[in-house]
2 protein chains.
Amino acid sequence: MAVMDSAVAREQALDAAEELFYGRGIQSVGMDEIRGASGVSLKRLYQLFPSKEQLVEAYLERRDVRWRGRLAEFVERREGPEARILAVFDWLELWFGEDGFRGCAWMNSYGELGTSSTRVAAQVRAHKRAFREYLAGLVADAALPGARAGQLFLLAEGAMATAGITRSTEPAREAREAARLLLRAC
Amino acid sequence: MAVMDSAVAREQALDAAEELFYGRGIQSVGMDEIRGASGVSLKRLYQLFPSKEQLVEAYLERRDVRWRGRLAEFVERREGPEARILAVFDWLELWFGEDGFRGCAWMNSYGELGTSSTRVAAQVRAHKRAFREYLAGLVADAALPGARAGQLFLLAEGAMATAGITRSTEPAREAREAARLLLRAC
DNA sequence: CCCGGTGGAGAACGAGCGTTCTCTACCGCG
DNA sequence: CGCGGTAGAGAACGCTCGTTCTCCACCGGG
């Protein structure tokens with residue numbers, strides 16, 4: 001711990017921040033607790049992230065990259081444009097079933113900080129826009145009408161919100177079935 | 001203000017709490033601000049609601065009754081079981097367009113307090129269950145397969161989440177169109 | 001007119017927490 | 001061996017806020 005590379009300290013801090021912020025909410029986790037969980041001293045934490053808000057931003061940004069990466073990796077293993085669209089919902093089901101699943105980190109962050117931190121709010125909007133555009137790409141690959149993208153997006157968002165509140169994987173299956181019907185609609 | 005009936009004070013407190021909690025979030029509004037906005041003294045506030053958490057509960061409970069009442073009133077003016085289902089989404093569009101719309105109060109509260117207040121979490125689950133069951137009733141009236149209820153619910157939830165984040169009424173129209181396709185799906 | 005009690009205004013208290021500061025140990029270098 | 005500088009541990013600071021307390025004005029009953 002004596003000589004700790006900055007990059008390593010940064011990753012450890014973000015690991016602890018992600019686990020604590022996602023699991024218990026941002027406002028109820030103090031910087032001191034992140035220090036304890038990460039082993040990164042407060043002084044170092046504030047060198048790496050000059051304020052808690054910037055730590056939150058970095059947490060959401062790293063999670064965004066990883067979350068969309070995991071989704072894309074799963075989806076791209078499927079063959080066929082429609083199968084790929086349905087795979088999004090299969091992946092949601094896997095995600096909802098993971099230990100420690102607590103809903104969508106961006107929805108939760110927005111509920112907590114959307115009115116007080118414009119930077120967090122912007123990050124949430126950017127993440128949702130990126131997810132929607134990813135779906136739009138899948139819809140275009142399937143040569144479906146562009147309006148389907150928004151509809152599938154709403155199903156996925158509804159499933160995330162509901163799974164977070166009810167702690168169940170069922171919404172993913174419900175959303176998948178609805179998506180299947182939408183794909184078959186004229 | 002000198003002689004204030006308890007019931008009146010209670011309503012004034014809840015009016016202020018609703019406006020402030022919904023508009024700015026629960027954690028960022030202090031009891032003192034509610035006193036200022038309501039004209040109800042702190043002493044009286046704590047007689048009526050022995051803790052902030054109980055004031056939050058009362059706010060959510062009263063809002064639940066009113067929200068579902070307004071929805072049902074709008075829906076029941078339509079004739080025909082399928083028209084009534086679509087009316088839910090028309091009403092969402094009106095709601096999203098209201099001044100001061102800030103997303104779903106229950107999703108927001110859950111994001112803020114879901115991990116720290118089991119009572120608030122339970123209230124959110126109860127509200128969502130009631131809304132889902134209301135949809136299930138409409139679906140049954142239309143003699144549609146029961147699975148449609150969950151699918152329409154997810155569309156509505158996705159629309160609420162998205163409208164809250166993007167401050168747009170468009171998600172209601174997208175959800176309505178998806179619902180229309182689902183109603184026509186075999 | 002006096003008096004007890006009710007209610008309001010606002011101070012006070014105590015805890016939590018973001019952020020900074022102090023002190024000390026250690027390490028590489030001359 | 002001495003020294004400057006870096007890093008960590010943890011205290012300290014300042015602020016916010018939920019909750020309670022103090023003080024005083026008012027009001028109805030004897």
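Proteins come first, then strands; the chains are lettered A, B, ... in the order of their sequence lines, and each starts at number 1.
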Please give, in whole Å, the distance from D:dG8 P to A:Leu45 CG? 10 Å
NZ/NE/NH1/NH2 to OD/OE distance under 4.0 Å, A:Arg119 and A:Glu53: no
Nearest-Å distance, OH (A:Tyr46) to P (C:dT19)? 4 Å
What is the distance, rounded to the nearest whole Å, between atom CG of B:Asp32 and atom P of C:dG10? 10 Å
B:Phe49 atom CZ is separated from D:dT20 atom C1', nearest whole Å, by 19 Å
So does A:Lys43 reach the base of D:dG8 with its side chain, donor to acceptor, closer than 3.5 Å? yes
Specify the separation, in whole Å, of atom CD of B:Gln27 and atom P of C:dA15. 20 Å
Expressed in angstrom and rounded to an integer, what is the separation of A:Arg44 atom CZ from D:dG10 atom P? 17 Å
Salt bridge check, B:Arg173 against B:Glu93: does any charged N sit closer than 4.0 Å to a carboxylate O? yes
Parallel, tilted or perpendicular: which fits the ring planes of B:Phe101 and B:Phe96, with parallel below 30° and perpendicular above 60°? tilted
dist A:Phe21:CZ -> A:Ile34:CD1 (nearest 0.5 Å) comes out at 3.5 Å
Let me spell it out: for each of A:Arg35 and A:Gln47, pick the nucleotide of DNA chain D with the closest heavy atom. Which residue's pick is nearer the 5' end? A:Gln47
Measure CE/A:Met31 against P/D:dA12 and give the value in whole Å, please. 21 Å
From the options C:dG8, D:dG18, C:dG18, select the nucleotide whose nearest atom is closest to the side chain of A:Lys52. C:dG18
The answer to which of A:Leu42 and A:Ser28 contacts DNA chain C further toward the 5' end, by nearest nucleotide, is A:Ser28
Can you check the A:Glu53 CD to C:dC17 P distance for me, whole Å? 18 Å
